[in-house]
Amino acid sequence: MISDEKSTLGLIGPASIASGQIDAVKTAELYQTSLMSALVDGVYEGQTTYGELHQHGDFGLGTFNDLDGEMVGFDGIFYQLRSDGSARPVSDDQKTPFAVVTFFKADSRISLSRISKNTAIDRLTAATQDNLFTAVRIDGRFSRITVRTVREQKRPFPPLQDAAKGQAETILTNVAGTFAGFRTPAYAGTLGVPGFHLHFLTEDRKTGGHVLDFEIEAAEAQLCPMHGLHVELPQSENFLNAKLSSPDMAQRIAAAEGS
Ligand code: ZN
């Protein structure tokens, strides 16, 4: 365990690698189960429980078996956001086909006020490293947020871009709450959603979803760059037989995730 945040952060970087100290330093690690490409190809059942994921992070996003809603997590609590607009804490035995978590530790902070999604994304992009995964948390007031929550799917499972067509889309106005998510480098575009992938939960913990668009009133973003990457690949037949290397995968991810 890390006992002194400041000295640990001070050791991260090229100097520590050059001096061979990197092994001794516990840097932030992204831990994920399965791949965005597998989700897009219809692998909607996993064996990983949220109880297991708590061992690897206190912050993150994901979904649930049968695509039963969106997960958003921060401060050690994971929430399930369902297509009826509800939100509830996730129980440890619930399973997921895709989730990304980390132990969030802010490395830098940015104030954002009265700006659109595009301007906010430009500011966040400028403040993060293109070649690193970065966890992003934004707390504040938003004049408008468009969210979607995927609907529980029945067998035979359709590909995500078809399932996403039946998604429940909601516009929240004048709302306070928290975004939790990640910036995925372009080179890793089929592991996650390339660019920013953010989920939202209202301050009253009653609703939220996968973020499609937003307008910030006043907020603070916290950024947590990660130098470690741990991907658990499923053992299921569905995963082993999924067409993960199809040439149109990037387009299918963009179509399904609204990125
Ligand atoms: Zn999402």
Side-chain angles (χ1 to χ4, degrees), residues 30-46 48 50 53 57 59-74 77-88 90 94-102 104 117 120-121 124 133-138 142 145-153 157-172 177-185 188-202 207-214 231 249-259:
L30 176 143
Y31 182 98
Q32 80 173 57
T33 179
S34 195
L35 305 169
M36 180 50 70
S37 52
L39 197 68
V40 160
D41 208 51
V43 183
Y44 298 158
E45 284 180 318
T48 303
Y50 276 100
L53 286 168
F59 174 99
L61 55 70
T63 185
F64 297 85
N65 275 8
D66 302 338
L67 225 54
D68 189 13
E70 315 276 348
M71 188 280 279
V72 60
F74 51 87
I77 305 175
F78 297 150
Y79 294 86
Q80 182 176 17
L81 312 165
R82 302 188 70 221
S83 60
D84 61 2
S86 66
R88 65 182 182 195
V90 176
Q94 283 183 271
K95 291 180 178 174
T96 177
F98 176 80
V100 188
V101 301
T102 191
F104 191 92
K117 175 190 173 185
I121 293 296
L124 294 170
F133 287 77
T134 303
V136 182
R137 172 175 177 157
I138 307 174
F142 304 85
I145 304 177
T146 307
V147 293
R148 75 107 199 267
T149 43
V150 284
R151 232 183 280 280
E152 187 175 13
Q153 300 295 306
F157 293 138
L160 186 59
Q161 68 211 82
D162 295 338
K165 283 177 192 153
Q167 66 197 3
E169 220 172 282
T170 309
I171 299 175
L172 306 167
T178 300
F179 287 16
F182 299 92
R183 182 188 181 195
T184 297
T190 57
L191 268 67
V193 177
F196 289 87
H197 182 191
L198 301 166
H199 287 187
F200 176 72
L201 181 69
T202 54
T207 193
H210 169 96
V211 176
L212 295 172
D213 196 15
F214 60 89
V231 183
M249 187 50 79
Q251 289 145 269
R252 291 165 65 193
I253 290 174
E257 295 299 311
S259 59

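All ligand and atom numbering here is 1-based and tracks the order in the structure. Below, each value reflects all heavy atoms present in this structure, side chains not excepted, and no hydrogens, waters or symmetry copies.
Around the Zn ion (ligand 1), protein N, O or S atoms at a distance under 2.8 Å total 3; waters are neither shown nor counted.
At a threshold of 4.5 Å between non-hydrogen side-chain atoms, the residues Q94 and M71 do not count as touching.
Checked against side-chain contact (heavy atoms from CB on, under 4.5 Å), T190 has the following partners two or more places apart in sequence or in another chain: S37, M249, I253. For R151, there are no salt bridge (Lys or Arg N to Asp or Glu O under 4.0 Å) partners two or more places apart in sequence or in a different chain. With sequence neighbours left out, R82 forms a side-chain contact (heavy atoms from CB on, under 4.5 Å) with D68, Q80, D84, S86, R88, E152.
Between R148 and E70 a salt bridge is recorded (basic side-chain N to carboxylate O distance below 4.0 Å).
Annotation for F64 and Y79: closest pair CZ-O, 4.2 Å, computed over non-hydrogen atoms.
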